[in-house]
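Only one structure is covered here, and it is reproduced in the block below.
This one's a predicted model, so the numbers in the text were calculated from it and none came from an experiment. Every chain is numbered from 1, with letters handed out A, B, ... down the list of sequences.
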Amino acid sequence: MHLMYFTEQPMSAYDANEGLRYGATALTFSNKHFDPVAGSRLYNEYLEQYVYAEDVGIDGIMLNEHHNAPFCMQAKANIFASVLAGATKRVKIVMLGNPLPLAENPIRLAEELAMIDMISKGRLVSGFVRGGGQEQLATGVNPAYNRERFEEAHDLIVKTWTVPGPFRWEGTHYQHRVVNPWALPLQKPYPRVWIPGVISKETIIWAAKQRYPYIALNTSIPQTKQIWKLYDETAAAVGYKSGPENRGYLARIHVAETEDKAIENAKQFMWMQGEFTGLAHPVWANPSGYFSPSGRRSFVEFAVGRAKNPRGNPTFEEQRADGMIICGTPQQVLRPIRHLLEETRPGIMAVWGNDGNVSHRDSMTCIRLLGQEVFPQVREWAKELGLNSPFEAEAPVSIAYAKDLKQSTIAAE
Amino acid sequence: MTAWVELAIEIAGTKVHMTRGGKGPPVLVLHRDIGMPASSLFHDELAKSADVIVPHHPGWGDSQRAEWMRSVRDLAVMHRGLLAELKIQEAVLVGLGFGGWIAAEMATMAPADVAKLVLVGPMGVKPSQGDIFDQAIVSYIDYARAGFHDPKAFEKIYDAEPSTDQLEAWDIAREMCFRIAWKPYMYSQTLPHLLRTVKVPTLLVWGDKDRIVPLSAGDRYLAALPKAKLEVIKDCGHCVDLEQPRRLAELITPFMAG
């Protein structure tokens with residue numbers, strides 16, 4: 001079991017009333033409400049929390065990035081990854097991940113990631129994402145070619161890491177005449193790639209074909225089981241048997257010394273009115289062409305306010321009751337975690353511990369309790385349940401390096 | 001009423017559907033970014049004195065999408081191909097909004113074989129003041145509504161609550177706009193220069209309450225096109241053909257005959 005700590009790095013020091021007044025807290029919500037003095041303090045607190053996570057025995061730090069919104073302060077995950085590469089000694093630096101379509105030059109990403117891998121002495125896990133719809137609009141990248149750009153940028157980066165340069169890349173979305181960066185990853189054949197997501201079928205199938213672990217981002221247990229079913233079927237079709245080493249799960253778990261304190265702080269998971277990515281217009285999250293055409297009809301109804309949000313708007317109490325938010329003392333959170341492990345059988349688990357206005361001090365307490373009191377038991381259970389991480393299972397980095405394929409396989413696309 | 005005929009022909013491997021009606025000199029009408037409504041009084045008015053051809057742009061309405069298409073200039077070449085397939089030597093081009101951009105591009109490609117050019121609130125040129133309305137950040141209905149000065153005129157055509165089929169069509173239309181006109185959004189940086197080669201008489205028409213394409217873009221068109229005049233219609237939004245169809249036809253018909 002690989003156990004990671006995650007926070008969205010909330011930009012909590014803004015006036016929430018301003019967001020409510022404006023009616024949105026993303027994309028066009030003015031950055032005049034961003035306070036760089038508070039920003040500087042928060043960045044340094046988050047850094048201190050990450051270093052502490054290593055001190056208390058957590059295996060990995062999960063990083064992500066978002067743009068134009070207070071729910072996440074990381075505009076470039078590679079910056080924090082670089083800082084952590086120097087500031088930590090043992091933890092895996094798990095990017096979940098770099099939004100590939102936003103890159104106009106994927107070679108630069110390949111270089112940055114190679115540098116992070118070398119500076120960290122081989123501790124990089126280089127996850128990739130498509131980036132949400134709002135990220136495309138915030139960065140001016142065409143949402144209609146999002147998936148094409150994702151796949152092409154991935155192929156280009158992997159080739160850059162594994163095939164000696166110089167070579168040419170004459171693709172559909174990327175053209176590079178001299179690919180030959182003098183920075184290559186320390187890990188061979190290349191750093192592990194994990195793919196986070198919510199439910200997009202195309203991404204699950206793509207990840208399974210590559211044999212990249214898929215990290216389900218706080219999906220419900222039934223949804224998560226559907227994801228694994230699709231992943232397992234795809235894996236079988238391309239000739240391997242998938243297991244816990246192919247599965248990751250992100251859970252929202254806040255731990256405190258007392259139950260009351262834990263509940264009070266866990267309510268901060270709802271700080272963006274329960275919307276992870278802030279209050280936003282549906283067409284920002286799903287600009288035309290970004291979404292799978294199979295979902296078009298139901299989406300357009302939602303976008304004009306005729307259908308309910310397919311994700312629903314569950315209250316804090318409802319989410320707590322069905323295990324979507326777990327909180328309590330270390331003893332109290334263990335039972336629902338055991339349930340999660342048994343039901344979803346992940347080999348990788350990320351704990352989203354703190355959000356919103358949880359104080360630095362309480363965040364540090366949560367991290368300490370996770371590392372010293374919760375995770376040791378989770379590791380024991382993982383052993384008992386056979387939940388091995390990709391590292392423990394010595395899983396191949398991708399299908400191209402597998403030696404156990406069962407039949408003549410369809411080449412990974 | 002005009003008898004409209006539906007037909008489809010293949011252009012560059014892509015099936016393009018169109019409606020055709022009326023008698024007289026050929027007029028190619030190029031629809032706007034939100035597509036073509038089921039019926040149009042403006043088309044009927046034009047067809048009283050012209051052979052009116054209204055294609056669905058590839059990727060819009062019934063026409064097939066050309067996955068490879070990357071620019072509005074590509075779209076203009078497709079429509080030139082369509083005229084060639086129909087064996088039309090010389091046509092009047094009437095471009096509505098986004099279609100105006102296509103018509104302007106077509107005129108720059110072969111300035112000699114366009115009979116006349118009519119551009120109604122055309123996109124394609126960066127306004128000197130203000131910006132072309134960004135549809136990406138509003139809902140389909142809000143964008144379509146923004147094309148009208150009079151909300152009742154919108155509702156007459158699309159209904160106060162447009163159908164799910166219509167919403168889907170708008171989403172597909174929006175995706176096509178992103179595919180071929182994402183950046184710069186809805187204009188070309190080279191078109192204003194190339195327009196100087198277009199010597200055909202050009203009628204520019206703008207609604208004075210156009211919220212989609214600022215009238216300042218009209219001034220840039222006027223400055224670039226050697227033989228252009230600009231008519232501004234009072235109390236009218238961007239979709240002049242839908243909001244004041246008779247008024248627009250009254251302007252165009254004598255211009256075509258003149």
Side-chain angles (χ1 to χ4, degrees), chain A residues 22-30 67-69 101-102 104 132-149 152 171-175 278-307 309, chain B residues 33-35 57-61 64-72 74-75 98 126 131-146 154-155 158-187 189:
Chain A
Y22 180 65
T25 51
L27 192 63
T28 60
F29 177 49
S30 175
H67 303 264
N68 286 32
L102 305 193
E104 290 302 340
Q134 297 181 53
E135 317 307 329
Q136 323 299 314
L137 300 176
T139 55
V141 171
N142 197 330
Y145 301 115
N146 175 275
R147 191 168 292 282
E148 290 179 21
R149 287 170 70 95
E152 188 179 329
T172 304
H173 297 283
Y174 300 106
Q175 294 83 30
L279 281 179
H281 195 291
V283 299
W284 302 351
N286 285 304
S288 301
Y290 171 83
F291 210 34
S292 168
S294 62
R296 198 187 299 270
R297 204 167 171 85
S298 52
F299 174 71
V300 295
E301 294 265 291
F302 168 52
V304 299
R306 283 185 202 161
N309 185 338
Chain B
D33 53 354
I34 58 171
H57 306 321
W60 274 260
Q64 231 179 348
R65 176 187 286 184
E67 295 286 338
W68 48 265
M69 208 163 67
R70 285 294 186 274
S71 69
V72 171
D74 292 343
L75 195 47
F98 175 71
K126 184 177 186 273
D131 293 300
I132 295 171
F133 191 111
D134 182 5
Q135 62 177 313
I137 56 174
V138 298
S139 91
Y140 318 102
I141 298 176
D142 291 345
Y143 181 62
R145 274 190 182 276
F154 168 85
E155 286 164 19
Y158 293 111
D159 200 74
E161 284 295 328
S163 69
T164 304
D165 285 345
Q166 180 62 71
L167 297 178
E168 251 192 304
W170 280 338
D171 185 56
I172 291 168
R174 184 179 285 196
E175 180 177 348
M176 282 309 303
C177 291
F178 291 172
R179 288 179 73 90
I180 64 174
W182 175 258
K183 201 188 254 189
Y185 179 65
M186 287 295 189
Y187 66 86
Q189 286 166 331

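- Of the atoms belonging to B:Glu161, heavy atoms from both backbone and side chain fall under 4.5 Å from chain A.
- Heavy-atom minimum distance, A:Tyr145 versus B:Arg179: OH-O, 2.9 Å.
- Residues A:Glu301 and B:Thr164 are in side-chain contact: their nearest non-hydrogen atoms beyond the backbone lie under 4.5 Å apart.
- Across A:Val283 and B:Ile137, no two heavy atoms sit closer than the pair CG2-C, 4.1 Å.
- Rounded to the nearest 0.5 Å, atoms CZ (A:Phe299) and CG (B:Leu167) are 10.5 Å apart.
- Proximity to chain B is absent for every atom of A:Phe291, based on heavy atoms less than 4.5 angstrom apart.
- Looking at B:Asp134, neither its backbone nor its side chain comes within 4.5 Å of chain A, counting heavy atoms on both sides.
- The two atoms that bring B:Lys183 and A:Thr139 nearest to each other are NZ-O, 4.5 Å, heavy atoms only.
- Across all their heavy atoms, A:Val141 and B:Trp182 have their closest contact at O-CZ2, 3.2 Å.
- With chain A as partner, the option from B:Phe178, B:Trp170, B:Trp68 having the largest number of non-hydrogen pairs under 4.5 angstrom is B:Phe178.
- Here the CG atom belonging to B:Asp142 is positioned 6.0 Å from the NE2 atom belonging to A:His281, to the nearest 0.5 angstrom.
- The heavy-atom pair separating A:Ala303 from B:Ser139 by the smallest distance is O-CB, 4.0 Å.
- Rounding to the nearest 0.5 angstrom, the gap separating the OG1 atom in A:Thr172 from the CZ atom in B:Arg70 is 7.0 Å.
- Looking at heavy atoms from C-beta onward, A:Arg296 lies in side-chain contact with B:Ile172 at the 4.5 angstrom threshold.
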